[in-house]
Asker: 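Take a look at the following structure, please.
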Amino acid sequence: MGSLHRSHRCGAIRPSDVGKRVTVMGWVDRTRDLGNLIFVDLRDREGTVQVVASAEDRAVLDKAKELRSEDVVAVVGNVIDRDDETVNVQIPTGTVEVRAEEIRLLSVSKTPPFPISEEQGTSEETRLRYRYLDLRRPRMQTNVRLRHEICLETRKLMDRRGFLEIETPFLTKSTPEGARDYLVPSRVHRGQFYALPQSPQLFKQLLMVSGFDRYFQIVRCFRDEDLRADRQPEFTQIDIEMSFVRIEDVFRLVESLLQRIFKVAGYDLTIPFPRLSYAEAMSRYGTDRPDTRFGLELRDVGNAFEESGFQVFRRILKEGGCIRGIRVPGKADYTRRETDELIRFVTELGTGGMAWIKSTAGGFRSSLPKSVGASVLQRAADLAELEAGDILLMVAGDESQVNNVLSLLRLHLARQENLIPEHRQDCLWVYDFPLLEWSEEDSRFLACHHPFTSPKEEDLHLLETAPERVRAKAYDVVLNGTEIGGGSIRIHRQELQARVFEALRIGPEEMQGKFGFFLDALRFGVPPHGGIALGLDRIVMILAGEQSIRDVICFPKTARAMDLMSGSPSGVSLQQQRELHLRLT
RNA sequence: GGGGCCGUAGUUCAGCCUGGUUAGAACGCCGGCCUGUCACGCCGGAGGUCGCGAGUUCGAAUCUCGUCGGUCCCGCCA
């Protein structure tokens, strides 16, 4: 750089700078070489500005001729107005240009493996391998900046509301329940491991025990589970815990916070958010994270078939199953091919099949056997409030499976029929989750949220007799069908915590070994407390309009949890393994 | 753990179903011409282990099996 000092950012030069002598530095985005006149688009994080070199200054022209894409250069020159006919209305710097008096090549670039200036048409694999180049692109620069602004607003608001940002350890203790842990072997303690936190859950509760009253942290969490478009092995939470609060207090804070965050992206969120009990969400949408931007709600049509001659449905009902359906308005004109495709969609999800009833001008038409009879079809149609021209798609079976399949079918139909309003943002609360859930695999109850979630007082008497009916003071916040956060009011009394552990079949020994320190803490005067964790990556993803969480994380992992750029995970030397007392099998 | 789609020039793709000349295109790259371009234009050129391995075949980018990698979904993710 020599004696040069950057005076302006390239993309920040404005008409008001006309007449100034500036020094800009950045990357060569594109050059247009007209022989004795060369245009260089110089790019930095603020955008691009056009630099002009002409034959009037031979030395500068020759220098400009050498420039190649992604070279880093410094340009000293005067900002001048462009002639009207040469204005570029597409960029903020389009009415001006920098007439170069000196061009200094600060570093040369190899030809990049893909064009930085073309946003389209590079495989994700290539982008990830050269992530530092991909991050130069305006789209990623915008996403990263949005993420920063959201974090900044979060810190500002949380500070104003009296929260302290407090760090918690990454090298922690593995606890049962929940996701698979990432483990870190201890060198000092042979055969022992730290676990990376799935969330700072216990630590933030202990901070309440310590009297910090209001805590938050923008913190990395680790879960060793299979990946998805909206799931990474390491992801970031806005983690919050508050003392002396009820559910309402948590809701109100989070609503303000999300409203503030959405404002950053230009959206006005209406608060308070609508609320749906877990039971209502399951019955109307078949899922605890419904996308409420469109209808297609689920209907229970089991009653119509109780006495019917259709043995398949009768048997399912008798065995405690259910028959539920989705009414698709105006789609009685689905062809055989279209209904078959929908049937294929649901059977691939593992259900036995799907039946349909169409309400047409000539009466009902159905895939059910003729013997079912018109009156049964009529009753099913009535239950589903089928109108002329509608189709009813029905799935029968075990309730949780039916709900699961129909909730996915509902989304599939909404996308296929274009029923989702693109720019709408639907935030809502789902509350009154069950405390426990029966696990066939473990043949015992597992915590739906986590083992420190408080049951609702009015359901406490069921904890030993009908644990599955106990509702928890747990809640999720859902945005457009994506779970963006979840939390609960916690147990703050040791006796109740012990009762819940008992319901979870966590024996006294395991209890002491895994959570002893925590149970001890619960004996020393614990304020009633609760909190929530918001999925920062998912929120940024949705606000940035991205389809993948990877596009809002600078250095993400692939679907198989690899970092294509650095090549992790990778083997380690025998020496390292020995130090950690590890031997591979 | 299971299923779908994808892997061909630096990049993005076509070719593959129906095996058979020298594997094409666009962009990029290199060279030349060009003083108002902004996806500059025009002329010329270079550039390929068809992801990898095995099999079938007289012959494989093309068919089969396996494997590696990317992606999406189901399971899983308190």
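Only this structure's heavy atoms are used, side chains among them; waters, hydrogens and symmetry mates stay out. Chain A is the first sequence line, chain B the second, and so forth, proteins listed ahead of strands; every chain is numbered from 1.
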Asker: List in numerical order all residues of residues 49-57 of chain A for which some heavy atom is under 4.0 Å away from an atom belonging to RNA chain B.
Answerer: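 Close to the strand are A/Gln50, A/Ala55.
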Asker: Within the 4.0 Å heavy-atom criterion, would you say A/Leu446 contacts the bases, only the backbone, or no part of the nucleic acid?
Answerer: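 Nothing, no heavy atom under 4.0 Å.
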Asker: Between B/U35 atom C1' and A/Leu37 atom CG, what is the distance in whole Å?
Answerer: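 Checked: the CG to C1' distance equals 5 Å.
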Asker: Does A/Arg30 reach a base, just sugar-phosphate, or nothing at all? Heavy atoms under 4.0 Å.
Answerer: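 Sugar-phosphate: the residue A/Arg30, judged by heavy atoms under 4.0 Å, touches backbone atoms but no base.
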Asker: If you assign A/Pro115 and A/Gln201 each to the RNA chain B nucleotide with the nearest heavy atom, which residue ends up on the more 5' nucleotide?
Answerer: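 The residue closer to the strand's 5' end, by nearest nucleotide, is A/Pro115.
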Asker: Show me the pairs that pass side-chain hydrogen bond (donor to acceptor under 3.5 Å, both in side chains) and involve residues 560-569 of chain A, at least two apart or across chains.
Answerer: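 Found A/Asp563-A/Ser566.
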Asker: Taking OP1 and OP2 of B/G69, is either one under 4.0 Å from a side-chain nitrogen or oxygen of A/Arg560?
Answerer: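 Checking A/Arg560 against B/G69: at least one side-chain N or O falls below 4.0 Å of OP1 or OP2.
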Asker: For B/G75 and A/Asn404 - does any side-chain N or O of the residue sit under 4.0 Å from the phosphate oxygens OP1/OP2?
Answerer: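 Checking A/Asn404 against B/G75: at least one side-chain N or O falls below 4.0 Å of OP1 or OP2.
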Asker: Under a 4.0 Å heavy-atom cut-off, which of residues 469-492 of chain A touch RNA chain B?
Answerer: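 The stretch gives none, as no residue of it lies under 4.0 Å from the strand.
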Asker: Ignoring hydrogens and angles, are the base of B/G1 and the side chain of A/Arg180 linked by a donor-acceptor pair under 3.5 Å?
Answerer: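 No, the side chain and the base share no sub-3.5 Å donor-acceptor pair.
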Asker: Which part of the nucleic acid does A/Arg68 contact within heavy-atom distance under 4.0 Å: base, sugar-phosphate only, or nothing?
Answerer: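 Answer is sugar-phosphate: A/Arg68 comes under 4.0 Å of backbone atoms only.
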Asker: Out of B/A39, B/G70, B/U11, which nucleotide sits closest to the side chain of A/Thr122?
Answerer: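 My answer, after comparing the listed nucleotides, is B/U11.
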Asker: Hey, are A/Arg58 and A/Asn36 close enough side-chain-wise for a donor-acceptor pair under 3.5 Å?
Answerer: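 A donor-acceptor contact under 3.5 Å links the two side chains.
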Asker: Looking only at atom C1', what distance separates B/C72 and B/C29, rounded to whole Å?
Answerer: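 These two C1' atoms come out 34 Å apart once rounded.
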